[in-house]
Asker: 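Got a structure for you, written out below as structure tokens; questions coming shortly.
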Amino acid sequence: MVNELKNIENISIKNFQEDLISWFKAEQRDLPWRKDQDPYKVWVSEIMLQQTRVDTVIPYFNRFIEWFPTIEDLANANEDKVLKAWEGLGYYSRVRNLHSAVKEVNTKYDGKVPDTPKEISNLKGVGPYTAGAILSIAYGIPEPAVDGNVMRVLSRILSIWEDIAKPSTRKVFEEAVRQVISHDEPSAFNQALMELGALICTPTSPSCLLCPVRDHCQGFHEGVETELPIKTKKNTQRNVELAAIIVKDDNGKILIHKRPENGLLANLWELPNVELHQPIVMERAQIADLFSETFDMNIKLEKNIGQIEHIFSHLVWNIRLYIGTIGAGFSENNEWKFITLDEIEQHAFPVSFHKMLKLYKEYI
DNA sequence: CAGACGTGGGA
DNA sequence: TTCCCAAGTCT
């Protein structure tokens, strides 16, 4: 046994499983993805829930299943519509990977989500957590599904002082789960661990007095439950200055641009924009030149109508918004087109776009 | 491994 | 206001 897990000897695994699972059966939340164990729906929910709160996911999940009820429906859908279903959820590569993997399942596995660790882990966007979650929840296979909740809960119960911010730490917790998971009810067990983390064993001020497994908790026993888990923090945010432009054609349509297929906000649409490299303070004419050089178009800025800030996990965008015009000779293509305000509904945009659109609507 | 990759909410 | 997230994965 790994040394970090020596405290497993201190708990009665059978009693721990029973206390945890019976609590889960009595207290679990009524969530839309718990209505059945359709592997596809479990899959969709697990992807949506990555780094995203349950309350945020619920309406997205319901609409997504409404739009794409089955593997086949999603496999045959256009990417623009799929991205639109994800608009506002963030981490957009999740849904592009899901779309790609669902297509693979539809053809290679005849529309049935595979049920082996090897096959399911090879699907795009399915890492160790999601693989374990689908295998246990949809198929009842006793595989670990170690997320942030599980690491927090088990670090307290087993008094594990490894830094959960380190990628290599996950395997310590996977080994812990393998040793304590219920083989009779792996689905309930894994979900119970996460549910406990969400409802009772919360990051700050856990409700130990309400905890169904307090008697098994080494951390509580030692009075160190609020010191765990150990998690080193790292947050370096870069500031990026941008200028974006609203260009209208003769019919009042606005010009939009499709972002590259890789990287930040991949394949989403945006307002034409350029980065203003600091510390140079740029005049309107200079910015216009920058636009013209960057996009090989003749752009003029007429008026600044404000600016917005948009915060990502790893950088901050400060965007000045301009009204402007484009010279003759411009023609639409796959990346550039004019759309009406109504047609915004048919394209997926990042939240920063909607912030700027609001500014524009206040201006006109 | 470290950094990229979104967003809205709570303390 | 500022920080830290919340059911991670990819490169």
Side-chain angles (χ1 to χ4, degrees), chain A residues 24 28-29 31-34 41-61 83 86-98 100-101 120-134 136-138 144-154 163-171 173-174 177 187 190-199 201-205 229 231-238 240 259-268 270 308-317 348-355:
Chain A
F24 175 69
Q28 66 170 300
R29 290 166 292 179
L31 300 172
W33 46 89
R34 287 180 174 163
K41 290 186 211 164
V42 171
W43 184 5
V44 170
S45 72
E46 292 302 340
I47 300 297
M48 282 191 175
L49 286 162
Q50 290 170 8
Q51 305 291 285
T52 311
R53 288 181 161 75
V54 166
D55 288 344
T56 302
V57 166
I58 290 173
Y60 280 92
F61 176 82
L83 277 173
W86 214 264
E87 186 182 59
L89 251 193
Y91 287 144
Y92 300 95
S93 67
R94 289 184 293 175
V95 78
R96 299 207 306 134
N97 288 150
L98 173 65
S100 164
I120 204 164
S121 296
N122 278 330
L123 297 171
K124 278 185 193 157
V126 178
Y129 163 74
T130 305
I134 296 173
S136 61
I137 298 172
V146 175
D147 70 343
N149 281 313
V150 171
M151 289 199 279
R152 181 175 63 258
V153 169
L154 287 185
D163 179 6
I164 69 169
K166 291 175 59 179
S168 58
T169 299
R170 197 196 65 248
K171 65 182 190 302
F173 288 91
E174 285 177 345
V177 171
S187 169
N190 277 346
Q191 291 186 78
L193 235 32
M194 294 187 275
E195 195 81 342
L196 190 71
L199 301 181
C201 197
T202 49
T204 58
S205 59
K231 187 176 190 179
T232 57
K233 42 187 170 283
K234 45 177 186 277
N235 209 16
T236 52
Q237 285 189 330
R238 280 188 310 123
V240 178
R259 294 179 59 85
E261 63 179 345
N262 291 307
L264 185 65
L265 305 170
N267 277 1
L268 270 65
E270 66 181 357
I308 64 132
E309 178 188 71
H310 191 74
I311 302 174
F312 298 87
S313 45
H314 56 303
L315 52 86
V316 179
W317 275 358
F349 298 95
V351 168
S352 53
F353 172 89
H354 291 291
K355 289 185 186 173

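Chain A is the first sequence line, chain B the second, and so forth, proteins listed ahead of strands; every chain is numbered from 1.
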Asker: Specify the separation, in whole Å, of atom CD of A:E46 and atom C1' of C:dG8.
Answerer: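 These atoms are roughly 11 Å apart.
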
Asker: Calculate the interatomic distance between A:K166 atom NZ and C:dG8 atom C1'; express it in whole Å.
Answerer: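 To the nearest whole Å, that distance equals 19 Å.
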
Asker: How far, in whole Å, is B:dC1 from C:dG8 if one measures between their C1' atoms?
Answerer: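 After rounding to an integer number of Å, I get 16 Å for this pair.
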
Asker: Base, sugar-phosphate alone, or nothing: which one does A:K231 contact when heavy atoms must sit under 4.0 Å apart?
Answerer: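 Sugar-phosphate only.
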
Asker: Counting any heavy atom closer than 4.0 Å, what does A:T56 reach on the DNA or RNA strands: base, sugar-phosphate only, or nothing?
Answerer: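 No contact.
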
Asker: Whether the A:T52 and A:R94 side chains hold a donor-acceptor pair (N or O, under 3.5 Å, no angle test) is what I'd like checked.
Answerer: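 The answer is yes; a qualifying pair exists.
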
Asker: Would you measure the distance from the C1' atom in C:dA6 across to the matching atom in B:dC5 and give it in whole Å?
Answerer: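 Rounded to whole Å, the distance is 15 Å.
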
Asker: What's the gap between B:dG3 and C:dC4 when it is taken at their P atoms, as a whole Å value?
Answerer: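 After rounding to an integer number of Å, I get 16 Å for this pair.
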
Asker: Could you verify whether a donor N or O on one side chain and an acceptor N or O on the other, from A:Y129 and A:Q50, lie under 3.5 Å apart?
Answerer: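 Looking only at side-chain atoms, A:Q50 and A:Y129 do not form any donor-acceptor pair under 3.5 Å.
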
Asker: When you compare the protein's N or O atoms with those of nucleotides 9-11 of chain C, which come within less than 3.5 Å of each other, and at what distance?
Answerer:
unit_1: C:dT9; atom_1: OP1; unit_2: A:G127; atom_2: N; d: 2.9
unit_1: C:dT9; atom_1: OP1; unit_2: A:G127; atom_2: O; d: 3.4
unit_1: C:dT9; atom_1: OP1; unit_2: A:T130; atom_2: N; d: 3.0
unit_1: C:dT9; atom_1: OP1; unit_2: A:T130; atom_2: OG1; d: 2.7
unit_1: C:dT9; atom_1: OP2; unit_2: A:Y129; atom_2: N; d: 3.3
unit_1: C:dC10; atom_1: OP1; unit_2: A:G125; atom_2: N; d: 2.6

Asker: Would you kindly give the CH2-to-C1' distance between A:W86 and C:dG8, to the nearest whole Å?
Answerer: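 Rounded to whole Å, this separation is 12 Å.
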
Asker: Can you tell me how far apart CG (A:L315) and CG (A:L264) are? Round to the nearest 0.5 Å.
Answerer: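 Here the rounded value is 6.0 Å.
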
Asker: Which is true for A:G263 with a 4.0 Å heavy-atom rule: it touches a base, it touches only sugar-phosphate, or it touches nothing?
Answerer: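 Since only primed, P, OP1 and OP2 atoms lie under 4.0 Å of A:G263, the category is sugar-phosphate.
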
Asker: Roughly, in whole Å, what's the span from CH2 in A:W33 to P in C:dA6?
Answerer: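 Rounded to whole Å, this separation is 16 Å.
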
Asker: Let's see if you can work this out: which of B:dA2, B:dT7, B:dC5 has an atom nearest to the side-chain heavy atoms of A:P167?
Answerer: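 Closest nucleotide among those given: B:dA2.
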
Asker: Residues two or more places apart in sequence or in another chain: which of them pass salt bridge (Lys or Arg N to Asp or Glu O under 4.0 Å) with A:R96?
Answerer: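 A:R96: salt bridge (Lys or Arg N to Asp or Glu O under 4.0 Å) contacts with A:E79.
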
Asker: Across the strands shown, which category fits A:R96 at heavy-atom distances under 4.0 angstrom: base, sugar-phosphate, nothing?
Answerer: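 Since no nucleic acid heavy atom lies under 4.0 Å of A:R96, the category is nothing.
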
Asker: With a 4.0 Å limit, can you tell me whether A:Y92 has a side-chain N or O closer than that to the phosphate oxygens OP1/OP2 of B:dT7?
Answerer: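 Yes.
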
Asker: Taking B:dG6 as the reference, what is the distance to C:dT11 when you measure between their P atoms (whole Å, please)?
Answerer: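 Pairwise P distance, C:dT11 against B:dG6, rounds to 13 Å.
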
Asker: Rounded to the nearest 0.5 Å, what separates atom NE2 in A:H354 from atom CD in A:E87?
Answerer: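 So the NE2 of A:H354 and the CD of A:E87 are separated by 3.5 Å.
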
Asker: Find the distance between CD1 (A:I47) and CG (A:L123) and round it off to the nearest 0.5 Å.
Answerer: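 These two atoms lie 9.5 Å from each other.
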
Asker: Closest nucleotide of DNA chain B for A:G88 versus for A:T204: which of these residues is on the 5' side?
Answerer: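 Looking at the nearest nucleotide for each, A:G88 comes out on the 5' side.
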
Asker: Between atom NE2 in A:H354 and atom P in B:dT7, what is the gap in whole Å?
Answerer: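 Atom NE2 in A:H354 sits about 9 Å away from atom P in B:dT7.
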
Asker: When the distance from CD of A:E261 to P of B:dC5 is rounded to whole Å, what number comes out?
Answerer: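 Distance check: A:E261 CD to B:dC5 P gives 15 Å.
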
Asker: Given B:dC5, C:dG8, B:dT7, which nucleotide is nearest the side-chain atoms of A:H314?
Answerer: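 Of all the options, the side chain of A:H314 is nearest to B:dC5.
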
Asker: Rounded off to whole Å, could you give me the CG-to-C1' distance for the A:L268 and B:dT7 pair?
Answerer: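 Those two atoms, CG and C1', are 13 Å apart.
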
Asker: Which whole-number value in Å describes the distance from A:F349 CZ to B:dG6 P?
Answerer: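 To the nearest whole Å, that distance equals 16 Å.
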
Asker: Distance check, rounded to the nearest 0.5 Å: A:L89 atom CG versus A:Q51 atom CD?
Answerer: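 Interatomic distance, A:L89 CG to A:Q51 CD, rounded to 0.5 Å: 12.5 Å.
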
Asker: On DNA chain B, nearest-nucleotide positions of A:T169 versus A:S352: which is more 5'?
Answerer: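 The residue closer to the strand's 5' end, by nearest nucleotide, is A:T169.
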
Asker: Regarding A:R34, tell me which of base, sugar-phosphate or nothing describes its non-hydrogen contacts under 4.0 Å with the strands shown.
Answerer: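 Base contact.
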
Asker: Measure the NE2-CZ distance between A:H310 and A:F353 for me, rounded to the nearest 0.5 Å.
Answerer: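 One gets 13.5 Å once the value is rounded to the nearest 0.5 Å.
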
